[in-house]
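Beneath this line is the structure, given in structure tokens, with notes to follow.
Just so it is clear, the model here is predicted, and its values are computed rather than measured.
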Amino acid sequence: MTETTSNPPTIGVFDSGFGGLTVLKALLEVVPDADYAYFGDTARLPYGSKSVETVARYAVEAAHYLELQGAQMLVIACNTATALALDQITGAAHVPVVGVVEPGAQAAAAATKNRKIVVIGTEATVSSHAYRKALESLALEAREKACPLLVPLVEEGWVEHAVTEEVARIYLAEAFADGFRDADTLVLACTHYPLLMPVLRRVAPEHVRIVDSAESTAHAVAAHLREPISVNTSEERRSVARLKFFATDSTEKFRRLGQRFLGRAIDTVQHVDLKE
């Protein structure tokens with residue numbers, strides 16, 4: 001990717017469902033000149049209740065499908081798949097792979113002043129301790145808190161509902177209790193949570209900086225690409241990225257729910273049937 005007049009790279013983005021669209025949204029802002037193929041394995045979600053072996057198999061199948069669509073880089077925009085199977089995906093892929101855990105940990109390290117971090121995510125992500133391990137490897141102290149009610153509230157569209165705010169308040173009060181009252185950084189270790197940023201900002205302690213792993217991942221991808229595509233001078237350069245969407249379940253549901261996460265309309269979704 002050294003020639004600035006070549007065609008834009010295609011970046012494959014994979015998630016078990018809709019949440020990874022927040023990563024795609026961030027990518028479109030940070031790396032706007034790439035083309036994107038998004039794969040949502042909506043027929044087989046949630047991944048959190050499945051074994052490591054099953055998650056790895058599903059993710060590798062999706063990765064190979066995205067490679068067949070021309071992906072020159074893969075972004076695993078799924079905290080569960082990154083936490084449980086990044087090594088297996090990286091080993092099976094034929095292109096560079098970026099997950100969401102390490103960029104989130106690096107961003108937290110850059111944000112914190114007192115090196116005490118709170119991480120909120122799903123049960124599966126928290127149980128894997130992937131974020132805690134990544135943060136501790138950077139000499140940071142971390143507490144993980146599972147917040148299982150937040151994802152269904154987001155998917156219900158209740159992102160500014162009083163119930164959602166109260167649930168978030170309870171979770172964060174527990175997360176920042178005891179020895180972590182003075183923690184100064186909160187990591188959103190679930191791609192649904194950026195939709196709750198206004199609520200989380202209101203209920204988190206005032207001194208806390210919030211790190212969005214979706215945004216951090218987009219910056220990690222930009223750094224990996226070393227910026228050549230942002231100066232494409234070809235006459236064929238497009239002002240809008242070309243987007244392709246693939247889903248393993250209802251394409252109508254993907255369009256309807258997906259636009260909440262992406263922040264724009266999704267016109268066409270191709271159904272994909274990956275065999276068990």
Side-chain angles (χ1 to χ4, degrees), residues 15-26 45-49 77-80 82-83 100-101 103-105 107-108 111-114 116-132 134-135 140-218 256-263:
D15 185 32
S16 58
F18 308 97
L21 289 165
T22 62
V23 178
L24 177 57
K25 181 180 180 180
L45 61 75
Y47 278 13
S49 59
C78 175
N79 279 276
T80 301
T82 301
V100 288
V101 174
T112 185
K113 297 292 193 296
N114 66 4
K116 294 181 76 170
I117 317 293
V118 167
V119 180
I120 57 172
T122 64
E123 290 277 11
T125 298
V126 167
S127 296
S128 75
H129 301 305
Y131 276 89
R132 191 185 73 191
L135 290 163
L140 303 174
E141 191 178 353
R143 169 180 283 173
E144 298 166 306
K145 172 66 179 173
C147 304
L149 294 177
L150 294 183
V151 165
L153 287 168
V154 169
E155 294 197 350
E156 188 65 29
W158 288 18
V159 293
E160 282 286 356
H161 198 287
V163 168
T164 306
E165 182 159 338
E166 185 59 23
V167 168
R169 190 184 308 279
I170 293 168
Y171 281 145
L172 291 194
E174 295 172 351
F176 283 91
D178 306 321
F180 277 79
R181 290 185 190 279
D182 61 339
D184 68 354
T185 304
L186 173 65
V187 177
L188 308 186
C190 174
T191 51
H192 283 62
Y193 295 176
L195 277 73
L196 297 173
M197 186 68 82
V199 167
L200 294 171
R201 184 64 276 169
R202 288 198 296 271
V203 302
E206 287 187 10
H207 69 278
V208 168
R209 297 184 67 177
I210 300 178
V211 170
D212 173 4
S213 58
E215 184 179 323
S216 306
T217 301
R256 177 169 47 84
L257 273 180
Q259 64 182 2
R260 295 181 190 167
F261 293 84
L262 191 60

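Residues that satisfy the side chain to side chain donor-acceptor pair (under 3.5 Å) test with T122, not counting sequence neighbours, are T125. Judged as a salt bridge (Lys or Arg N to Asp or Glu O under 4.0 Å), and not counting sequence neighbours, the contacts of R256 are E252. The side chain to side chain contact (heavy atoms under 4.5 Å, CB included) test applied to R132 returns H129, E136, A142, E144, not counting sequence neighbours. Scanning for side chain to side chain donor-acceptor pair (under 3.5 Å) contacts around K116 gives D182, with sequence neighbours left out. Annotation: ring-ring contact (aromatic ring centres under 6.0 Å, His included) contacts of Y193 (sequence neighbours excluded): none. Applying the side chain to side chain contact (heavy atoms under 4.5 Å, CB included) rule to D15 yields the partners Y38, C78, T191; only residues at least two apart in sequence or on another chain are considered. Remark: E141 pairs with no residue by the salt bridge (Lys or Arg N to Asp or Glu O under 4.0 Å) rule, at least two apart or across chains. Every residue meeting the side chain to side chain contact (heavy atoms under 4.5 Å, CB included) condition with S216, not counting sequence neighbours, appears here in chain and number order: P103, A107, V211. Remark: E174 pairs with K145, I170, Y171 by the side chain to side chain contact (heavy atoms under 4.5 Å, CB included) rule, at least two apart or across chains. Every residue two or more places apart in sequence or in another chain that forms a side chain to side chain donor-acceptor pair (under 3.5 Å) with D184 is listed here: T112.
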Please table the atom pairs, donor to acceptor, closer than 3.5 Å between any side-chain atom in residues 153-160 and protein atoms at least two apart or in another chain.
unit_1, atom_1, unit_2, atom_2, d
E155, OE2, H192, NE2, 2.8
E160, OE1, R202, NH2, 2.9

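When all heavy atoms are compared, the tightest approach of F176 to A183 is CE2-O, 3.6 Å. Taking both residues in full, the closest heavy atoms of A83 and V101 are given as N-CG2, 4.4 Å, listed atom of the first, atom of the second, then distance.
Other residues, nucleotides and ligands contribute only 12 or fewer heavy atoms inside 6.0 Å of the CZ atom of R209. Annotation for E165: atom CD counts as buried by contact number, over 12 foreign heavy atoms lying within 6.0 Å.
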